[in-house]
2 protein chains.
Amino acid sequence: MGSPTARPATLDDVARDAGVSRATASRVLGGYGFTSADARTRVRAAAERLDYVPDLAARALVRGGGVRLVVAVGGRDDTVLDDPYVHRVVSTASRVCAPHGVGVALEWLPLADPSGLTRLGTDRGVCGAILVNTTQAALDAVPPRLRGRVASIGQGSATVPSFDVDNAGGAGEVLRHLYATGRRRIVMVTGPRWLSCAERSVTAYRELMRETGSPERLVTGDFTAARGGRAALAALRRWPDADAVYAASDATAFGVIAALSGRGVRVPHDVAVAGFDDLPYAAISSPPLTTATHPVDRIAAAAATAVLARAPVAPSTAFPSTLVTRQSA
Amino acid sequence: MGSPTARPATLDDVARDAGVSRATASRVLGGYGFTSADARTRVRAAAERLDYVPDLAARALVRGGGVRLVVAVGGRDDTVLDDPYVHRVVSTASRVCAPHGVGVALEWLPLADPSGLTRLGTDRGVCGAILVNTTQAALDAVPPRLRGRVASIGQGSATVPSFDVDNAGGAGEVLRHLYATGRRRIVMVTGPRWLSCAERSVTAYRELMRETGSPERLVTGDFTAARGGRAALAALRRWPDADAVYAASDATAFGVIAALSGRGVRVPHDVAVAGFDDLPYAAISSPPLTTATHPVDRIAAAAATAVLARAPVAPSTAFPSTLVTRQSA
DNA sequence: GCTTGTGGTGGTAGCGCTCTCAGGTGTGCG
DNA sequence: CGCACACCTGAGAGCGCTACCACCACAAGC
């Protein structure tokens with residue numbers, strides 16, 4: 001395996017083949033400095049002929065750029081890595097980074113111990129990070145070397161730009177829809193309470209309940225279907241007269257619907273259920289789920305682009321969320 | 001945990017701090033050659049103190065190892081990157097590779113033009129690849145440098161080891177279950193027909209139909225829910241007496257169920273529907289989906305491990321698939 | 001003439017690391 | 001005593017690349 005003839009071409013090979021120095025070849029291929037038209041065509045032809053692909057490791061070594069972007073997902077255990085939401089972030093980031101020769105790695109960031117970020121800071125291979133589901137403590141733990149190379153999907157800080165869906169806006173749209181269709185005893189199954197960006201939809205819920213004089217009924221969830229199902233059963237026991245459930249995520253909503261159906265509760269006839277995220281399944285679940293859009297792809301692309309470009313820290317960017325009315329509510 | 005210096009520590013820093021040469025420090029940290037117990041403790045203490053993290057780019061440069069593993073997904077367009085199945089492969093591979101300092105990149109491999117693989121072969125940053133949804137043409141296009149560093153999830157070849165679920169076995173279990181519960185006019189919605197490993201379940205279907213003297217009813221799908229829905233409607237038009245649908249993937253099955261429900265067909269009363277994959281959502285869909293397990297995580301872990309270990313090409317490994325009976329069939 | 005500038009080039013110093021090689025030191029043994 | 005052998009070490013040669021620098025040729029301006 002790995003015969004010498006199969007050795008990938010180096011910049012030296014290209015330069016020799018083109019009859020110029022390595023420096024000139026580097027200038028042509030790197031697109032910097034002065035080069036003659038003649039040198040440009042010769043070098044490019046040689047590169048093409050030899051199937052030259054620059055060694056990113058070597059480039060990273062001398063430029064100190066780093067060769068991979070880490071998607072660090074906060075959570076209590078590494079099951080957060082299985083979240084479909086996280087996967088969409090990774091695949092989108094991957095698409096943005098690929099043309100830059102930057103790979104994407106997925107890591108779990110234990111919330112109890114944000115020192116994992118320290119390691120990222122001392123790892124030269126890392127050219128940046130996208131923080132998902134993060135907390136203030138984690139934001140504060142971002143090491144100096146990574147300043148300006150980190151973006152957060154969710155909560156931001158003075159040094160870490162934030163990209164997030166307009167949680168409050170989306171939640172408000174969904175809740176107002178529930179209210180407009182006559183629901184008055186609305187239970188909310190929240191996201192993880194430690195996640196400050198998820199708390200914004202809780203605030204929106206509270207405000208609307210107060211505004212409309214409706215009772216406030218909160219059950220804690222964690223964005224998963226399993227927890228959503230348990231939360232629904234608990235809510236049913238506590239408030240048998242509930243006529244709607246607003247779930248902070250679609251996965252939660254699916255769990256809620258499954259649990260309610262299992263108890264013989266009809267959705268939406270007896271209890272309306274709405275979610276948040278507009279996952280692909282939301283359109284084909286039974287009943288199809290009323291929810292609010294969550295443009296994860298655009299958010300992730302913006303975050304990845306900001307990290308790669310080392311853009312100056314911008315104020316938080318909120319991506320609008322709009323109601324999608326289907327049949328569950 | 002050490003002083004938060006702006007510049008990450010180098011091996012030189014560690015060696016100086018420990019009072020040894022760089023070579024000795026490298027030997028200790030790399031765990032090769034002879035080192036005294038005294039040197040070992042001193043170097044390790046220094047590394048700990050300075051928060052030393054080896055620069056993988058530099059290591060890759062000198063060892064020629066490569067620093068990232070590419071998950072190359074075959075398909076007609078880059079929407080294959082959104083497949084939840086692919087995401088599970090990536091997250092599992094990521095978990096396996098992380099301790100080795102190897103990042104995972106996700107790429108689309110256009111089936112019409114497998115020359116993308118050539119580029120991977122000339123890119124020193126790439127230490128291996130996992131091929132997903134691949135064809136014989138792509139397997140043949142694996143460049144020499146990557147021999148022994150590629151694994152395939154699905155079809156394999158003489159030089160590329162294959163890791164796959166036992167498609168035929170799982171399909172057989174599901175189909176026999178349908179037959180055992182009295183279904184006699186079973187439609188199958190297939191995966192993409194160009195995907196040879198998906199064809200194995202078609203073969204299993206054909207055999208069982210022949211064996212039992214049942215009519216053969218095939219509709220082409222592509223593993224997606226949307227296509228599954230369209231396929232179900234087409235099947236309904238062509239064979240109004242169908243009493244069961246076997247979908248080659250859970251996503252397809254969800255699409256089928258949604259389409260049937262939309263036409264007023266009751267599942268499983270009028271038509272039983274079964275899938276293949278046992279996605280998390282299968283347990284909570286309405287009705288909960290009867291399907292066969294697909295141990296993607298174990299498969300992906302095996303593939304990633306094989307690539308990292310540069311294990312000699314083993315014969316194909318098939319991971320067993322077992323029936324999960326729920327309510328849709 | 002001498003400067004100053006402009007467009008182009010090649011030499012080469014590292015980036016941080018691994019690993020070979022030459023050279024120790026200490027033992028045991030003939 | 002020499003010799004073999006084990007254990008341990010540091011010097012140093014690069015891996016492929018970028019970017020700084022010196023340099024050259026030529027032109028325009030004083």
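Residue numbers begin at 1 in each chain, while the letters A, B, ... track the order of the sequences.
To the nearest 0.5 Å, atom CG of residue A:Asn133 and atom SG of residue A:Cys197 are 6.5 Å apart. In this structure, the separation between OG1 on A:Thr92 and CG on B:Leu106 is 10.0 Å, given to the nearest 0.5 Å.
For A:Ser36, taking side-chain heavy atoms from C-beta onward, the closest of the listed nucleotides C:dG8, D:dC17, C:dC17 is C:dG8. The side chain of B:Ala23 approaches D:dA11 more closely than any other nucleotide in the set C:dT12, D:dA11, D:dG14. The side chain of A:Ser21 lies closest to C:dG11, out of C:dG11, D:dG10, C:dT18.
Mapping A:Gly33 and B:Asp55 onto DNA chain C via the closest heavy atom, the residue that lands nearer the 5' end is A:Gly33.
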(request) Starting at the 5' end of nucleotides 21-26 of chain D, put B wherever the base has a protein heavy atom under 4.0 Å, S where only the sugar-phosphate does, and a dash everywhere else. (result) ------
(request) Verify side-chain hydrogen bond (donor to acceptor under 3.5 Å, both in side chains) between B:Arg27 and B:Thr35, making sure each step is shown before the conclusion. (result) CA-CA 7 Å; B:Arg27 267 189 291 262; B:Thr35 46; over 6 Å; no
What nitrogen or oxygen pairs link the protein and nucleotides 4-7 of chain D at under 3.5 Å?
none

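The backbone N or O of B:Asp38 sits less than 3.5 Å from a side-chain atom of B:Thr41, completing a donor-acceptor pair. Of the possible donor and acceptor atoms, none in the side chain of B:Ser157 sits under 3.5 Å from a partner among the backbone N and O of B:Leu139.
Side-chain nitrogen and oxygen atoms of A:Ser26 include none within less than 4.0 Å of the OP1 or OP2 phosphate oxygen of D:dA19.
Salt bridge status for A:Asp55 with A:Arg59: absent, with no side-chain N to carboxylate O gap under 4.0 Å.
No side-chain donor from either of A:Gln155 and A:Thr134 sits under 3.5 Å from a side-chain acceptor of the other.
Rounded to a whole Å, the OH atom of B:Tyr32 is 6 Å from the P atom of C:dT18. In this entry the distance linking CG of B:Asp38 with P of C:dT25 reads 17 Å, nearest Å. Here C:dT12 presents its C1' atom at 14 Å from CG of A:Leu11, a figure rounded to the nearest Å. The separation between A:Arg16 atom CZ and D:dC17 atom P is 12 Å, rounded to whole Å. The nearest whole Å value for the distance from the CZ atom in B:Arg59 to the C1' atom in D:dG14 is 17 Å.
Shown for residues 39-54 of chain A: residues whose heavy atoms fall under 4.0 angstrom of DNA chain D, namely A:Tyr52, A:Pro54.
By the salt bridge (Lys or Arg N to Asp or Glu O under 4.0 Å) test, B:Arg298 is found to be paired with no residue, residues two or more places apart in sequence or in another chain being considered. Residues passing the salt bridge (Lys or Arg N to Asp or Glu O under 4.0 Å) test with B:Asp12, sequence neighbours excluded: B:Arg22.
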Identify every side-chain donor-acceptor pair in residues 312-320 of chain B under 3.5 Å, counting partners at least two apart or on other chains, and give the distances.
none

